[in-house]
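Here the structure is laid out as structure tokens; the discussion comes afterwards.
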Number of protein chains: 2
Amino acid sequence: MPEAPNSKDKVGMICRALRRAIIEQALEPGAKLPEDSLGERFGVSRTIARYALGQLASEGLVELRRNRIAVVVTPSWQDARDIFDIRMDLERLIVRKIAGKLSSSQIARLKAHVEAEREAHDGPNAVSIRLATEFHIMLASMTNSPVLVRYVSEIAYRCCLTLSLFSRPHSSECGISEHISIIEALQDGDANKAMSLMHSHLDSVANRALVEPTPARGRDLLDVLAPYTEEAT
Amino acid sequence: MPEAPNSKDKVGMICRALRRAIIEQALEPGAKLPEDSLGERFGVSRTIARYALGQLASEGLVELRRNRIAVVVTPSWQDARDIFDIRMDLERLIVRKIAGKLSSSQIARLKAHVEAEREAHDGPNAVSIRLATEFHIMLASMTNSPVLVRYVSEIAYRCCLTLSLFSRPHSSECGISEHISIIEALQDGDANKAMSLMHSHLDSVANRALVEPTPARGRDLLDVLAPYTEEAT
DNA sequence: CGTGCCCGAAGTGCATGCAATCGAGGAGAG
DNA sequence: CTCTCCTCGATTGCATGCACTTCGGGCACG
């Protein structure tokens, strides 16, 4: 566990809070994160806020620019592709590792989580996204491999960022039923089925999200103008 | 690029230096890293040293204990297994991505690197290990996927730690010829061959390294005693 | 000779202060 | 009216200071 889990750790508190804000899209890509404001908001000094930002930066969630205000990262389309690629591999590895090895209480916890997802389905979209993400992290944590948990967490968070950037009408994309199928395959110990289910699950999420750079509505004014830019002759 | 590459970044300097010291086994697992000493050594204040340690901790290279001196992590045998598992997957992903897509200058750089490995083969073992590790990182960087680079770097560094812990007579394990075969397969665009070569390459490294916890000579007295610990009735 | 306690030294946790840097907005020239 | 330059507030970069915690050794005691 790279990051202190104990509750009296100020830095950990801030990181968790910010991660959650990002995952629920309360903080959109590009949002500014001044050290003072953060410190004030969380009742700590700038030193601590700064440190927390450093941690988040190392997770690829915020971007630190020298002498400039830190911002929530704005993943490029290429970044998004890469991240989904790796996610695919890692999550396949996860299901391969845990298929047929889950205790009944673990299965129960997974099912309870999916139930929570279903209940939240009509609620605010942000909550749905968070729960769907947490499902995958929960899966990862059942491998008992801290490294896997860390990487999948990071990647899942960054996928949320991507989602909030590229897939506007995030049409309740959670795929709750897919989560259920995966649980069942895992319970049956059918690793191959679980892997292919996970594969198609992620694939559908990715495809719904990554609909090509949607030339208009490009992030940056410069990007938008790029195609129109022709040198005067 | 999660960590500032520009040379005037104090934190980056410290991190790079420490990573290198770890990879070359100048800093063994368990080595203490007091903030003051680090600060003094690098000509910065404790604040910066502390920040750097935080970054290294997020990479899983050092362990931060509250109110205690930070130390270089001592991976457990289980950690080592997990890490090699993930490494296997990620490196297979890498060769799949770059097989047949390398420019001739990239191939040349790879070959030059292996040549350097061969030259260093008789030199200090630490250098061999570093070069072998850098070869894999170089491969990763050719995917142009910052995330992959980051993860493989982290994992490769941690493998070095593991090596220095479990494989005592690190018998010039570099496997230079295997690196060459991999390059050739990549050049030919034979993704499958490259993947299986990489697989067996890593497998042999892992097997040479992970020779089971060698029950005697257990790291910690507490670990040795653990199986004998039964609560009094 | 082994065991438990206590205290000084060492080290961390965190806030604050000051210098350096960035950038937004206004003044002035064209 | 527009463009450029310059200044000042906002913000970061970093060192230092102080309180608190832990460590390790000496001393009394069994």
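Sequence lines set the chain letters: A, B, ... in the order given, protein chains first and strands last, and positions in each chain run from 1.
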**Fill in**
Whichever of A/Thr47 and A/Ala70 has the more 5' nearest nucleotide on DNA chain D, that residue is A/Ala70
**Asked** Hey, what's the ring geometry for A/His179 with A/Phe135, parallel, tilted or perpendicular (30° and 60° as the breaks)?
**Response** parallel
Whether the side chain of [X] engages the backbone of [Y] through a donor-acceptor N/O pair (distance < 3.5 Å, no angle test) should be reported.
X        : Y        : value
A/Glu24  : A/Ala21  : no
A/Asp79  : A/Ser76  : yes
A/Gln55  : B/Gly54  : yes
A/His136 : A/Val152 : no

**Message:** Working to the nearest 0.5 angstrom, can you tell me the gap between A/Lys97 NZ and A/Leu148 CG?
**Reply:** 6.0 Å
Calculate the interatomic distance between [X] atom [atom1] and [N] atom [atom2]; express it in whole Å.
X       : N      : atom1 : atom2 : answer
A/Tyr51 : D/dT12 : OH    : C1'   : 19 Å
B/Asp9  : D/dT12 : CG    : P     : 16 Å
B/Met13 : D/dG13 : CE    : C1'   : 16 Å
A/Phe42 : C/dC14 : CZ    : P     : 15 Å
B/Arg66 : D/dC23 : CZ    : C1'   : 17 Å

Could you write out each protein N or O paired with an N or O of nucleotides 6-11 of chain D at a distance under 3.5 Å?
none

**Message:** Using heavy-atom distances to pick each residue's nearest nucleotide on DNA chain C, tell me which of B/Leu33 and A/Ser45 is more 5'.
**Reply:**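 On the 5' side of the pair lies B/Leu33.
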**Complete:** Of A/Arg65 and A/Val11, the one whose nearest nucleotide on DNA chain C sits closer to the 5' end is A/Val11
**Side-chain ion pair, B/Glu154 and B/Arg158, N-O less than 4.0 Å** = no
**Basic-acidic side-chain contact under 4.0 Å: A/Glu59, A/Arg19** =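 Salt bridge between A/Glu59 and A/Arg19, a charged N being under 4.0 Å from a carboxylate O: yes.
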**Stepwise salt bridge (Lys or Arg N to Asp or Glu O under 4.0 Å) test for B/Asp89 and A/Arg96** = CA-CA 12 Å; B/Asp89 262 52; A/Arg96 198 173 74 220; 3.7 Å; yes
**Message:** With a 4.0 Å cutoff (strictly under), does any side-chain N or O of A/Arg50 reach OP1 or OP2 of D/dG13?
**Reply:**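 Yes, A/Arg50 has a side-chain N/O under 4.0 Å of OP1/OP2 on D/dG13.
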**Asked** To the nearest 10 degrees, how far apart in direction are the end axes of the helix from C/dC1-D/dG30 to C/dG30-D/dC1, each fit to five base pairs?
**Response**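 Taking the rotation axis at each end, their angle is 0°.
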